[in-house]
There are 2 protein chains.
Amino acid sequence: MSHETRHDQRVEEDGPGPELTGRLGYLLKHAQLRLAELTADALAPYGVTGRELAVLLVLADREPASQQQAAGRLGIDRTTMVAFLDSLEGRGLVARRPDASDRRRNVVVLTEAGQETVRLATRASDDAERRFVAPLTRSSAAELKRALLAVIEKTP
Amino acid sequence: MSHETRHDQRVEEDGPGPELTGRLGYLLKHAQLRLAELTADALAPYGVTGRELAVLLVLADREPASQQQAAGRLGIDRTTMVAFLDSLEGRGLVARRPDASDRRRNVVVLTEAGQETVRLATRASDDAERRFVAPLTRSSAAELKRALLAVIEKTP
DNA sequence: TATTGTTATACTCTATAACTATA
DNA sequence: TATAGTTATAGAGTATAACAATA
């Protein structure tokens, strides 16, 4: 018997097998990676990353926030927020305003350009999400989101 | 009117709001992070990380593989595989054997200790997964895995 | 020439510790 | 004393480029 690969019988597999695809950890990680790729491509024309869009969304949809409040809403460190804001401010998408009532704080607001970017980028991101769940039925996609939210909120 | 937080009306929110939790990207990322934490804790007693368990599983469940084949199955770079194997081999969980039929290659095999670790660590990881999906019904948890596999496999 | 394993290096993302100015 | 923003630094985790041995 030859030791060579027998191409007539079985092509040498290169991808993940059931020992991985059967595990929830693998599925979550790779689903996240795929959607992140799709989203990155969709957002590229607007010059923002998915993480930057998340920062903008957190600043857009609630009362004006300090840097630290914004970081808290996103679950990231305040030092990480500094870097995000430096970059976003440099591109004119957000502005830091000293808080008159507590001069240690900056209130961070979206500029006009920032608001427009949020509108366009959100639409592009939603579109990527729609393509991502295209293999599922509408109700199955909704069920997926419900299930994910449930485990996130109810897990210790 | 005071500028202080009015605790009687509304506690200052610190977590994510619907602008984030309504997005699939956020849900996938944070579900993955939570499960990864649970799994890390569950695996700690066995001295392996989730990624190392994935490497071991890939070596355990199919024909013996070269380092590069194993990397291909996991979707990681071959240079990354070198580092994993250095560490796993240092702890006696895997062994590199020169491939007699192609002396550029190493065939990587699990040791006895490696096989035992796979058994125990897999059980612990499965248990973490079960706790993670505890908020869902049995069929809803199964549906979650089906949906994730579908989007992973069918998305461009 | 091409491929396997290896090394050195670099890049991304994030956090920790220490500094400053304000409170 | 404690907190908000900042800076410098460090640690994961991963990839790219170049090298030696072998095909």
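The sequence lines fix the lettering, A, B, ..., with proteins before strands; numbering per chain opens at 1. All figures in this text were calculated on a predicted structure; none of them were measured in a lab.
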- Query: Which comes earlier along DNA chain D counting from the 5' end, the contact point of A:D86 or that of B:D99, where each point is its nearest nucleotide?
  - Reply: A:D86
- Query: Taking atom P of D:dG5 as reference, at what distance in whole Å does atom CZ of A:F84 sit?
  - Reply: 16 Å
- Does D:dG13 have OP1 or OP2 sitting under 4.0 Å from an N or O in the side chain of B:R51? yes
- May I ask you to check whether A:R96 and A:Q67 show a side-chain donor-acceptor distance below 3.5 Å? yes
- Item | Nearest-angstrom distance from the residue atom CG of A:D77 to P of C:dC13 | 16 Å
- Message: Membership question, hydrophobic clusters at under 4.5 Å side-chain separation (ILVMFWY): are B:L93 and B:V82 in the same one?
- Response: no
- Message: When you group the ILVMFWY residues by side-chain heavy-atom contacts below 4.5 Å and let the links chain together, are B:F132 and B:L136 in the same group?
- Response: yes
- Message: Between P on D:dA4 and CZ on A:R97, what's the gap in Å once rounded to a whole number?
- Response: 19 Å
- Toward the 5' end of DNA chain C, by each residue's nearest nucleotide, A:A83 or B:L85: B:L85
- B:R78 CZ - D:dA17 C1' separation (whole Å): 10 Å
- Query: Tell me: CD of A:E89 to P of D:dG5, nearest whole Å?
  - Reply: 13 Å
- Over how many whole Å does the gap from B:R103 atom CZ to C:dA2 atom P extend? 22 Å
- Item | OP1 or OP2 of C:dA15 under 4.0 Å from side-chain N/O of A:T80 | yes
- Rounded distance (Å) that lies between atom C1' of D:dA15 and atom CD of A:E37: 14 Å
- Item | Nearest-nucleotide 5' precedence on DNA chain C, B:Q67 against A:G75 | B:Q67
- Can A:R104 and A:D99 be counted as an ion pair, charged N to O under 4.0 angstrom? no
- Query: Hey, is the side chain of B:R96 poking within less than 4.0 Å of OP1 or OP2 on C:dT4, counting only N and O atoms?
  - Reply: no
- Item | Base C:dT3 paired with B:R104 side chain (donor-acceptor, <3.5 Å) | yes
- Item | Gap between atom CZ of B:R73 and atom CG of B:D61 - 0.5 Å precision | 9.5 Å
- Item | Residue B:Q68, side-chain heavy atoms: nucleotide from D:dT14, C:dG5, D:dA15 that is nearest | C:dG5
- In whole angstrom, what separates A:Q32's CD from C:dC13's P? 12 Å
- Message: Between the base of C:dT14 and the side chain of A:T79, is there a donor and acceptor pair under 3.5 angstrom?
- Response: no
- Query: Among the nucleotides C:dA18, D:dT7, C:dT6, which one has an atom lying closest to any side-chain atom of A:V82?
  - Reply: D:dT7
